[in-house]
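For reference, the structure is listed below as structure tokens.
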Amino acid sequence: MKEINIKLTRDDFNFKFKQYEGMFFNAIIDDETDIVKYKITKDTQGLELKEFGNTHIKDNMLYIPQIEAYLDLKSIK
């Protein structure tokens with residue numbers, strides 16, 4: 001299991017939905033199945049929930065449906 005917590009900014013992502021700018025993408029990746037459970041929150045701790053769901057990984061890219069963007073997993077430290 002791998003956990004990801006990143007801030008959604010227009011500098012890092014090219015997305016068209018302004019309401020997600022400045023929010024946080026929190027995800028848990030199951031290494032065996034590549035199923036990703038995520039939530040988009042207003043705070044770093046992941047308490048103020050905005051959206052949640054499941055997504056997938058394709059060619060080492062994580063798809064974030066709400067912002068219609070792919071995140072390169074190699075770029076995450």
Side-chain angles (χ1 to χ4, degrees):
M1 296 269 198
K2 181 179 179 181
E3 290 189 33
I4 297 173
N5 185 352
I6 56 170
K7 187 171 185 175
L8 301 174
T9 64
R10 287 185 182 234
D11 294 337
D12 297 330
F13 303 98
N14 182 18
F15 59 89
K16 57 185 173 184
F17 302 111
K18 191 175 183 176
Q19 72 263 28
Y20 295 105
E21 188 169 7
M23 299 222 176
F24 294 87
F25 179 78
N26 305 283
I28 299 174
I29 301 172
D30 186 332
D31 295 328
E32 293 178 17
T33 62
D34 281 345
I35 294 176
V36 180
K37 294 182 180 185
Y38 72 90
K39 57 185 175 177
I40 296 175
T41 62
K42 295 179 182 179
D43 61 331
T44 330
Q45 297 81 19
L47 302 176
E48 294 184 54
L49 186 65
K50 173 93 173 154
E51 303 277 347
F52 67 94
N54 294 330
T55 189
H56 62 281
I57 297 172
K58 182 178 180 181
D59 299 328
N60 211 40
M61 301 289 281
L62 171 67
Y63 181 64
I64 305 173
Q66 278 75 12
I67 63 172
E68 294 183 3
Y70 282 89
L71 171 67
D72 185 358
L73 292 176
K74 292 177 187 173
S75 67
I76 299 173
K77 298 173 181 135

So, taking the atom named [atom1] in [X] and the one named [atom2] in [Y], what distance separates them when rounded to the nearest 0.5 Å?
X	Y	atom1	atom2	result
F24	T41	CZ	OG1	7.0 Å
N5	Q45	CG	CD	9.0 Å
E51	Q19	CD	CD	8.0 Å
E3	K37	CD	NZ	12.5 Å

Residues that Y38 engages under ring-ring contact (aromatic ring centres under 6.0 Å, His included), provided they are two or more places apart
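Result, ring-ring contact (aromatic ring centres under 6.0 Å, His included) vs Y38: F25.
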If I compare all heavy atoms of [X] with all of [Y], which pair ends up nearest, and what's the gap?
X	Y	result
Q66	Y20	CG-OH, 3.4 Å
N60	K74	ND2-CG, 2.9 Å
N26	G46	ND2-CA, 4.0 Å
L8	I64	CD2-CD1, 4.4 Å
M23	I40	CB-CG2, 3.9 Å

Measure up the H56 and Y70 rings against each other and bin them: parallel (under 30°), tilted (30 to 60°), perpendicular (over 60°).
perpendicular
More than 12 heavy atoms of other residues, nucleotides or ligands under 6.0 Å from [atom1] of [X]: yes or no?
X	atom1	answer
F52	CZ	no
D59	CG	no
K42	NZ	no

I want to check something: taking the side chain as every heavy atom from C-beta on, are L73 and I29 in contact at a cut-off of under 4.5 Å?
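A side-chain contact exists here, since the closest heavy-atom pair is under 4.5 Å.
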Taking side chain to side chain donor-acceptor pair (under 3.5 Å) as the definition, give me every residue that meets it alongside T9, ordered by chain and number, with sequence neighbours left out.
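For T9, the residues satisfying side chain to side chain donor-acceptor pair (under 3.5 Å) (neighbours in sequence not counted) are D12.
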Any donor-acceptor N/O pair, D72 side chain to M61 backbone, under 3.5 Å:
no
List in chain and number order the residues that pass salt bridge (Lys or Arg N to Asp or Glu O under 4.0 Å) with E48, two or more places apart in sequence or in another chain; answer none if no residue qualifies.
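E48 satisfies salt bridge (Lys or Arg N to Asp or Glu O under 4.0 Å) with no other residue.
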Could you go step by step and tell me if L62 and I4 meet the side chain to side chain contact (heavy atoms under 4.5 Å, CB included) rule?
CA-CA 11 Å; L62 171 67; I4 297 173; 4.2 Å; yes
